[in-house]
There are 2 protein chains.
Amino acid sequence: MRIGELGRETGVAVPTIKFYVREGLLPAGRLTSPNQASYDESHVRRLRLIRGLIDVGGLSVAAVREVLAAVDAPGGAVHKVLGAAHDAITPVPPGRPEGLPQARRTVAELIRRRGWLAEEGHPAAEAMAVALAAFQDLGQGAFVEVLDDYADACEQIADADLAYVGRHADVEELVESVVVGTVLGDAVLTALRRLAHVDRSARRYEGYGEGRPVAGGGADEGMEKGGADPS
Amino acid sequence: MRIGELGRETGVAVPTIKFYVREGLLPAGRLTSPNQASYDESHVRRLRLIRGLIDVGGLSVAAVREVLAAVDAPGGAVHKVLGAAHDAITPVPPGRPEGLPQARRTVAELIRRRGWLAEEGHPAAEAMAVALAAFQDLGQGAFVEVLDDYADACEQIADADLAYVGRHADVEELVESVVVGTVLGDAVLTALRRLAHVDRSARRYEGYGEGRPVAGGGADEGMEKGGADPS
DNA sequence: AGATAGCGGAGAGCACCACTATCCGTAGTG
DNA sequence: CACTACGGATAGTGGTGCTCTCCGCTATCT
């Protein structure tokens with residue numbers, strides 16, 4: 001397969017593919033002549049992953065490069081590889097609010113209370129501390145009172161994620177599913193949270209019946225979970 | 001208070017404040033002379049909100065403008081105002097994957113199965129469909145099997161959020177707490193999910209004890225939830 | 001054999017975004 | 001009365017994510 005076909009296959013413009021190769025996101029094709037190269041299914045797969053991380057996950061090109069480096073790393077202990085991938089994924093927002101040290105203590109306390117095996121200085125902990133400090137700055141300091149509800153929910157989600165991800169025998173495949181599950185899973189999770197908000201808000205502030213009852217408007221499709229067939 | 005003090009108070013550079021005023025994010029100060037204006041606490045508050053949404057929430061300036069427009073809207077029914085704020089917040093990623101129609105059906109089916117009072121075409125539903133289609137494209141179509149676990153968790157979270165937000169009597173205050181809770185809450189939620197992943201992964205792939213036991217390294221702070229004092 | 005389309009590689013260019021710098025004339029301040 | 005800070009406006013900056021252009025070459029069609 002040549003670059004044009006790769007582009008058609010994935011819906012990515014050819015100059016963009018070249019750009020990704022230059023940027024080290026996508027391996028170059030195998031040269032068959034000094035100026036002809038061939039690409040295979042692994043390129044298609046990798047390119048789709050790149051686009052997914054960028055478009056849906058909202059990652060920057062630089063972040064994608066880091067994530068892919070972690071995915072491709074020779075990989076010692078599974079936990080380490082996953083940790084590296086995780087770190088590459090987790091962004092820590094800028095801004096240094098007033099109450100950061102206090103927020104860090106709140107996070108450390110939460111981790112302790114939960115008995116979580118996580119280091120205090122983990123990027124995610126720092127990101128969370130920044131977010132909590134922002135709540136504080138905005139006069140919403142009481143938000144910490146719902147943290148345990150959030151933590152409960154996150155434990156459930158993490159268990160579900162682990163079970164899902166645990167199916168993969170091959171380590172490389174596992175790492176990729178973790179990356180995808182984490183990054184795209186965030187998108188799904190926030191969208192679901194919005195939908196749940198809409199529902200709860202409708203029930204509370206309308207009168208249980210005013211919102212259009214939903215669905216059923218298009219076709220009588222009876223799709224169950226897991227129904228979509230892979231391409 | 002003049003612009004310099006406003007800047008010092010919030011940690012935002014004066015030219016940046018001017019920029020926000022030009023962009024319509026922040027109302028101009030009250031002119032006391034043709035070329036002197038005074039700012040008050042509402043400006044401080046609004047500016048902090050803007051920075052929170054941009055830095056922690058990752059919103060663009062344009063998105064912040066929309067959100068604030070919704071917050072400031074004269075507001076009829078509470079549910080409508082919240083809906084407007086919600087829509088302004090929810091981004092729909094670009095990219096049109098192959099399986100989008102199928103993914104939309106999956107989402108509609110989920111909403112129906114859950115009995116959620118949400119419209120099928122809601123931005124969040126669309127965002128979720130895009131994310132699910134991306135999973136499909138990446139060969140992770142089986143992810144739909146954990147959707148109900150995610151939905152369970154989101155219902156709990158939404159209930160906690162509603163209870164938290166429901167304290168506010170004043171409508172404007174309520175809307176702002178919804179905006180903050182939604183945008184910054186996303187940041188907290190994804191960070192917590194990461195931490196839960198780290199914990200579960202450590203328990204599974206290490207041996208329950210290898211990870212550093214966490215916390216306790218800094219001081220013997222005994223902070224309980226809700227402890228941070230507002231500034 | 002010749003025409004035509006596509007290719008690999010590399011550099012320059014472009015559009016957008018979120019600021020940031022500069023300038024002007026004026027206002028408040030020690 | 002010097003001096004800093006201000007409001008308002010315009011122009012410029014740095015980073016990001018592509019996109020364009022050019023080159024000589026190759027594969028394919030007729």
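Chain naming here is simple, since letters A, B, ... match the order of the sequence lines and numbering starts at 1 in each.
- Of the two residues contacting DNA chain D, namely A:Pro34 and A:Pro15, the nearest-nucleotide position lying further toward the 5' end is that of A:Pro15.
- Residue A:Arg22 places a side-chain atom within donor-acceptor reach of the base of D:dT19, judged by atom type and a 3.5 Å distance cut-off alone.
- Closest approach to the B:Asn35 side chain among D:dC20, D:dG7, D:dG24 is made by D:dG7 (side chain taken as heavy atoms from C-beta onward).
- With salt bridges taken as basic N to acidic carboxylate O contacts below 4.0 Å, none links A:Asp40 and A:Arg30.
- Between A:Gln36 and A:Ala13, the residue anchored closer to the 5' end of DNA chain D is A:Ala13, taking for each the nucleotide with the nearest heavy atom.
- The CZ atom of A:Arg2 sits 8 Å away from the P atom of D:dA27 (whole-angstrom rounding).
- In summary, contact between chain B and DNA chain C, defined as any nucleotide atom under 4.0 Å from a heavy atom of the protein, begins and ends at C:dA18 to C:dG28 in the 5' to 3' direction.
- Between the P atom of D:dC6 and the CD atom of B:Glu5 lies a distance of 9 Å, rounded to the nearest Å.
- B:Tyr39 and B:Glu5 are not linked by any side-chain donor-acceptor pair at a separation below 3.5 angstrom, with hydrogens and angles left out of the test.
- Of the listed nucleotides (D:dC18, D:dG7, D:dT26), D:dC18 has the atom at the smallest distance from the side chain of A:Phe19.
- For the atom pair B:Leu147 CG and A:Leu192 CG, the distance stands at 6.5 Å (nearest 0.5 Å).
- Nucleic acid contact class of B:Ser60 (heavy atoms, under 4.0 Å, all strands): sugar-phosphate only.
- A:Leu47 has its CG atom 15 Å from the C1' atom of D:dG17, to the nearest Å.
- With contacts defined as side-chain heavy-atom distances shorter than 4.5 Å, the pair B:Met1/B:Ser38 does not qualify.
- Rounded to an integer number of Å, the gap from CD of B:Glu23 to P of D:dT10 is 13 Å.
- A donor atom on one side chain and an acceptor atom on the other are not found under 3.5 Å apart for B:Arg48 and B:Thr10.
- Counting to the nearest Å, the P atom of D:dA27 and the CD1 atom of A:Ile3 are 16 Å from each other.
- When the P atom of D:dA9 is taken as reference, atom NZ of B:Lys18 falls 11 Å away, rounded to whole Å.
- Put simply, A:Tyr20 has a side-chain N or O that comes within less than 4.0 Å of OP1 or OP2 on D:dC18.
- Rounded to an integer number of Å, the gap from A:Ile17 CD1 to D:dT19 P is 12 Å.
- Going from atom CG of A:Leu31 over to atom C1' of D:dC25 covers 13 Å, rounded to whole Å.
- A donor-acceptor pair under 3.5 Å is absent between the side-chain atoms of B:Arg104 and the main chain of B:Glu126, judged by distance alone.
- A salt bridge links A:Arg45 with A:Glu176; the closest basic N to acidic carboxylate O contact falls under 4.0 Å.
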